[in-house]
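Computation of the quantities below employed the complete heavy-atom set of this structure, encompassing side-chain atoms and omitting hydrogens, waters and symmetry-equivalent molecules. Per chain, numbering begins at 1; letters A, B, ... match sequence-line order.
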There are 2 protein chains.
Amino acid sequence: MSIASDLIRGHTETIILANLLEGDSYGYKINKAILQKTGNNFELKEATLYTAFRRLEEAGSIYSYWGDENTGARRRYYSITTAGKAEYQKLRDEWGTAKDLIDKLTEIGGQGNE
Amino acid sequence: MSIASDLIRGHTETIILANLLEGDSYGYKINKAILQKTGNNFELKEATLYTAFRRLEEAGSIYSYWGDENTGARRRYYSITTAGKAEYQKLRDEWGTAKDLIDKLTEIGGQGNE
DNA sequence: ATATATACCTTGACAGGCGAGGTATGTTGT
DNA sequence: ACAACATACCTCGCCTGTCAAGGTATATAT
């Protein structure tokens, strides 16, 4: 049931941004949310997740701050910026275009009519 | 209008196999077919195309033979094998699964209901 | 003590896409 | 004759995102 990583590649950032649109969150929780949303079929690998956070933060799409938990492990929270919201919209639009293109190019017959 | 290469990654082989299901063809022609199908919005880069042919041939999904043109540049034709047809079906199924997953994970609200 | 869950992080390898370059044939324009 | 372009193939080396493997630290349960 696991999904090929090449099919996810390029969507990691969109997935994270979509998650943060629902409110600030942190790495571990975001990954658990993904697991739950997909009925335990898919989760991002930690290394993938954290490198994506770095990219998004460097690009100005998100910013981070340490939580002030006084118990348990410390958490680094992420928040989506205005630029991040615009980036999300752009990526979603691109996904819509790409989806149609891939459907068209990989179906038998080639362009929707035999 | 150009599509991000990370969104195409992992689909190159499916696109080629889909094309070969319509009959034997060769690199240059396949790429022109893709261009035409997408209304000049997308084409595979040559380096991408030819490395994909190598992978597919090594995997036994396609085989190749030289055309016997007695004029113009020589052409290497590719033909899909039985294994290749099965591989195509597998990749299409995975695409269906991945598409649903990505839609679910990147939409606002997260799982289709607010 | 040991295991498990929570929570973070980095390093190095790997694989696919692609820019840049190369080869060769045939046609069309000047 | 020569240039330019279309057809048609190919390889090398870089770049980027993923991920296995390893590490750190806190809290709870057995």
Taking only residues two or more places apart in sequence or in another chain, which ones pass side chain to side chain contact (heavy atoms under 4.5 Å, CB included) with B:Asp24?
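B:Asp24 satisfies side chain to side chain contact (heavy atoms under 4.5 Å, CB included) with B:Tyr65, B:Ser79 only.
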
Side chain to side chain contact (heavy atoms under 4.5 Å, CB included) partners for A:Lys85, two or more places apart:
A:Leu21, A:Ile80

Who passes side chain to side chain donor-acceptor pair (under 3.5 Å) against B:Ser64, sequence neighbours left out?
B:Glu57, B:Arg76

Just to be sure I understand the geometry, which residues of residues 59-73 of chain B put a non-hydrogen atom under 4.0 Å away from DNA chain C?
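Hits under 4.0 Å, by residue number: B:Thr71, B:Gly72.
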
How many angstroms lie between atom CG of B:Asp100 and atom CG of A:Asn41, to the nearest 0.5 angstrom?
11.5 Å

As an exercise, state the distance from CZ of A:Arg92 to CD of A:Gln89, rounded to the nearest 0.5 Å.
8.0 Å

Would you say B:Tyr50 places a side-chain N or O within less than 4.0 Å of OP1 or OP2 belonging to D:dC9?
yes

Fellow cluster residues of B:Leu35, listed by chain then number, with links counted only when side-chain atoms sit under 4.5 Å apart
none

Who passes salt bridge (charged side-chain N to carboxylate O under 4.0 Å, His left out) against B:Glu43, sequence neighbours left out?
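B:Glu43 satisfies salt bridge (charged side-chain N to carboxylate O under 4.0 Å, His left out) with no residue once adjacent residues are dropped.
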
Nearest-Å distance, [atom1] ([X]) to [atom2] ([N])?
| X | N | atom1 | atom2 | value |
| --- | --- | --- | --- | --- |
| A:Phe42 | D:dC19 | CZ | C1' | 12 Å |
| B:Leu49 | D:dC10 | CG | P | 9 Å |
| B:Tyr26 | D:dA8 | OH | C1' | 8 Å |
| B:Leu35 | D:dT7 | CG | P | 11 Å |

Taking salt bridge (Lys or Arg N to Asp or Glu O under 4.0 Å) as the cut-off, I'd like each qualifying pair that reaches into residues 25-34 of chain A, sequence neighbours left out, listed once.
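Residue pairs passing salt bridge (Lys or Arg N to Asp or Glu O under 4.0 Å), neighbours aside: none found.
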
Report yes or no: do B:Tyr88 and B:Tyr63 belong to one cluster of Ile/Leu/Val/Met/Phe/Trp/Tyr joined by side chain heavy-atom distances under 4.5 Å?
no

Which ring pair (Phe, Tyr, Trp, His ring centres under 6.0 Å) pairs, counting each pair once, include a residue from residues 23-56 of chain A, with sequence neighbours left out?
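Every ring pair (Phe, Tyr, Trp, His ring centres under 6.0 Å) pair that includes a residue of residues 23-56 of chain A, provided the two are not neighbours, is A:Tyr26-A:Tyr77, A:Tyr50-A:Phe53, A:Phe53-A:Tyr78.
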
Beyond-backbone contact of B:Arg75 with B:Trp66, side-chain heavy atoms, under 4.5 angstrom:
no

Under 4.5 Å between any side-chain heavy atoms of A:Asn31 and A:Ile34, yes or no?
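When only atoms from C-beta onward are counted, A:Ile34 and A:Asn31 do touch, with a gap below 4.5 Å.
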
What are the bounds, 5' to 3', of the part of DNA chain C that sits under 4.0 Å from heavy atoms of chain A?
C:dT6 to C:dG16

Report yes if a donor N or O on one partner sits less than 3.5 Å from an acceptor N or O on the other, where the partners are the side chain of A:Glu46 and the base of D:dC19; otherwise report no.
no

End-to-end axis angle, where each axis spans five pairs of the helix from C:dA1-D:dT30 to C:dT30-D:dA1, to 10°:
0°

Give me, pair by pair, the N or O atoms of the protein and of nucleotides 13-18 of chain D that are less than 3.5 Å apart, along with how far apart they are.
| unit_1 | atom_1 | unit_2 | atom_2 | d |
| --- | --- | --- | --- | --- |
| D:dT16 | O2 | A:Arg9 | NH2 | 3.0 |
| D:dG17 | O4' | A:Arg9 | NE | 3.4 |
| D:dG17 | O4' | A:Arg9 | NH2 | 2.7 |
| D:dG17 | N3 | A:Arg9 | NH1 | 3.3 |
| D:dG17 | N3 | A:Arg9 | NH2 | 3.4 |
| D:dT18 | OP1 | A:Thr12 | OG1 | 2.5 |
| D:dT18 | OP2 | A:Arg55 | NH2 | 3.2 |

Which atom pairs, one a donor and one an acceptor, fall under 3.5 Å between side chains of residues 7-17 of chain B and the rest of the protein, sequence neighbours left out?
| unit_1 | atom_1 | unit_2 | atom_2 | d |
| --- | --- | --- | --- | --- |
| B:Arg9 | NE | A:Asp6 | OD1 | 3.2 |
| B:Glu13 | OE2 | B:Arg55 | NE | 2.6 |
| B:Glu13 | OE2 | B:Arg55 | NH2 | 3.3 |

